[in-house]
Amino acid sequence: MRPDLSRYDRVLVAFSGGKDSLAALLHLLDLGVPPEGIELHHHDVDGGEAFMDWPCTPAYARALGAAFGVPAYLSWRAGGFAAELGRDGAPTAPALFETPEGRLGRAGGEGPPGVRGRFPQVCADLRLRWCSSALKIEVMAALIRNQPRFLAGETLVVTGERAEESPMRARYAPFGPHRTATRQRRIDHWRPVLSWPEAEVWAIIARYGVTPHPAYGLGWSRVSCRSCIFGSPNQWATLRALYPEAFRRIVEREAASGLTIQQHASVSELADRGRPYAAALANPALAAQAGATTWIAPVFTRPWRLPAGAFGEAAGPN
């Protein structure tokens, strides 16, 4: 189902930096939604200091937004992944979010004390796979609920889930009320690429000539986190080869918790089982861009080429 896009005063795209949310943005432009009516919202999982995610992604989101004339806003949980992982007797940190007025909004942080101490678990339950809920879904909800502008007019939230990624995502509704919707706050949720095969996603990106996130060129087939808890042995081996300091921090935090991210194997053991992606080892400049906090690569690439990680091994939430 496609909603009547003309009725919305604003369209918010939850932009991970990956191919699916990029395809959702490009599809909106194809359908005639004016760029100034769209907002890119990137949830910075690490809250500014690289730990689990790709350091380049916030800068990539801003560069992409600027290239298309679409405002881009960052939001994050204070202290990011590392602070939530290390929470011991403290409330979940507040959500922080950029606003169109140039302010930094703040919501939450006064909840009950709790203890985390362990990495998210490799499962579909968002209470256990808390990275998606605490650092992305709840952050988006907080920035909507705590800005009065969303009480005026109608808002459409767009996300890039695709059914072929997992059985759980195949059960998602393509369109309906957003979790933040109330009588006073009219907000809908649309998943425009839910039924798209991966080939269609890459086709629209190729047509626009957009440079994909560098993770794909390094061999990753998904852009979730650089150190995604669902990562394959090859991904952990590549992380260790390209970004040894980032790998070391995760090894240390895993050891401190006394629990491994994936059952029956530490990330070091997983890396020992895998082999670094050849594309990653052959592209040191691309690896440097992916590991940088600034974006210097062009947003558009001609001639456009399918990246190494397209149609590769899957690693992501079920």
Side-chain angles (χ1 to χ4, degrees), residues 1-43 61 64-65 68 70-73 75 95 97 124-126 129 132-133 135-205 207-208 210 222-224 316-318:
M1 173 184 176
R2 181 201 302 176
D4 178 4
L5 297 174
S6 66
R7 61 183 274 199
Y8 296 102
D9 297 88
R10 62 195 73 85
V11 178
L12 277 60
V13 178
F15 184 70
S16 68
K19 65 184 187 302
D20 299 330
S21 54
L22 173 56
L25 168 65
L26 300 178
H27 186 49
L28 289 171
L29 297 174
D30 268 0
L31 295 174
V33 180
E36 61 272 17
I38 303 172
E39 301 176 8
L40 286 186
H41 286 266
H42 173 66
H43 309 310
L64 190 76
F68 282 101
V70 174
Y73 303 103
S75 52
F97 50 90
D125 188 340
L126 294 181
R129 182 166 54 85
S132 290
S133 55
L135 304 176
K136 298 178 182 179
I137 298 170
E138 292 171 12
V139 170
M140 173 66 97
L143 73 87
I144 292 174
R145 289 177 176 137
N146 290 276
Q147 291 186 71
R149 67 191 182 101
F150 292 110
L151 295 172
E154 296 189 48
T155 301
L156 181 65
V157 173
V158 168
T159 56
E161 299 96 339
R162 289 189 304 111
E164 75 173 12
E165 290 180 312
S166 73
M168 174 165 285
R169 293 190 175 189
R171 295 194 293 269
Y172 287 168
F175 178 75
H178 190 256
R179 60 190 284 130
T180 60
T182 65
R183 289 184 179 180
Q184 295 75 32
R185 196 166 41 233
R186 291 171 292 176
I187 303 186
D188 291 330
H189 187 175
W190 186 34
R191 298 178 173 94
V193 301
L194 186 64
S195 64
W196 288 24
E198 184 175 346
E200 190 170 356
V201 169
W202 286 118
I204 194 171
I205 296 171
R207 177 157 54 83
Y208 274 85
V210 176
R222 300 273 304 270
V223 177
S224 43
N318 296 311

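Along the sequence shown, residues carry numbers from 1.
By the 4.5 Å heavy-atom criterion applied to side chains, Ile187 and Leu12 are not counted as neighbours. The shortest side-chain heavy-atom distance between Glu198 and Arg162 falls under the 4.5 Å cut-off. Counting heavy atoms from C-beta outward, Leu22 and Tyr208 have side chains that stay 4.5 Å or more apart. Looking at Val158 and Ile38, their side chains never come closer than 4.5 Å, going by heavy atoms from C-beta outward. Contact check for Thr155 versus His178: no side-chain heavy atoms found under the 4.5 Å cut-off. Side-chain contact check for Tyr8 versus Val33: every heavy-atom pair is 4.5 Å or farther apart. In this structure, the side chains of Arg7 and Asp188 come closer than 4.5 Å at one or more pairs of heavy atoms. Between Thr180 and Phe150 there is no side-chain heavy-atom pair separated by less than 4.5 Å.
Here the side chain of Thr182 pairs a donor or acceptor atom with the backbone of Gln184 at under 3.5 angstrom. Looking at Ser133, its side chain does come within 3.5 Å of a backbone N or O of Leu126 through a donor-acceptor pair. Between the side chain of Glu39 and the backbone N or O of Arg10 there is no donor-acceptor pair closer than 3.5 Å. Side-chain N or O atoms of Asp9 include one that pairs as donor or acceptor with a backbone N or O of Glu154 at under 3.5 Å. The closest donor-acceptor contact from the side chain of Ser21 to the backbone of Ser16 lies under 3.5 Å. Between the Arg191 side chain and the Ala173 main chain, a donor and an acceptor come within less than 3.5 Å of each other.
Closest approach of Ala141 and Arg179 over heavy atoms only: CB-NE, 4.0 Å. Scanning both residues, Arg145 and Arg185, for their nearest heavy atoms gives CG-NH2, 3.5 Å. The shortest non-hydrogen separation linking Pro71 to Pro35 is CD-O, 3.9 Å. Across all their heavy atoms, Trp202 and Lys19 have their closest contact at CZ2-CD, 3.4 Å. For Ala95 against Ala142, the heavy-atom pair with the smallest separation is CB-CB, 3.9 Å.
With sequence neighbours excluded, the residues satisfying side chain to side chain contact (heavy atoms under 4.5 Å, CB included) with Pro34 are Glu36. Contacts of His43 classified as ring-ring contact (aromatic ring centres under 6.0 Å, His included), with partners at least two apart in sequence or in another chain: none.
The CD1 atom of Ile204 sits 4.5 Å away from the CG atom of Asp30 when rounded to the nearest 0.5 Å. For the atom pair Leu31 CG and Leu5 CG, the distance stands at 6.0 Å (nearest 0.5 Å). Atom CD of Glu165 and atom CG of Leu194 lie 9.0 Å apart (nearest 0.5 Å). Summarising the geometry, atom CD1 belonging to Ile144 is positioned 9.0 Å from atom CZ belonging to Arg149; distances are rounded to the nearest 0.5 Å. Going from atom CE of Met140 over to atom OG1 of Thr159 covers 8.5 Å, rounded to the nearest 0.5 Å. Note that CG of Leu40 and CZ of Phe68 are 9.5 Å apart. Values are rounded to the nearest 0.5 Å.
Between Arg169 and Asp20, none of the side-chain N atoms (NZ, or NE/NH1/NH2) sits under 4.0 Å from a carboxylate O, so this pair counts as no salt bridge.
The aromatic ring centres of His41 and Tyr73 sit less than 6.0 Å apart.
In this pair, Trp196 and His27 present their aromatic rings perpendicular. The plane angle is above 60°, beyond the 30 to 60° band.
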Let's go through Leu28 and Trp190 carefully: what are the C-alpha distance in whole Å and the side-chain angles of both, what is the deciding distance for side-chain contact (heavy atoms from CB on, under 4.5 Å) to 0.1 Å, and is it a yes or a no? CA-CA 11 Å; Leu28 289 171; Trp190 186 34; 3.8 Å; yes
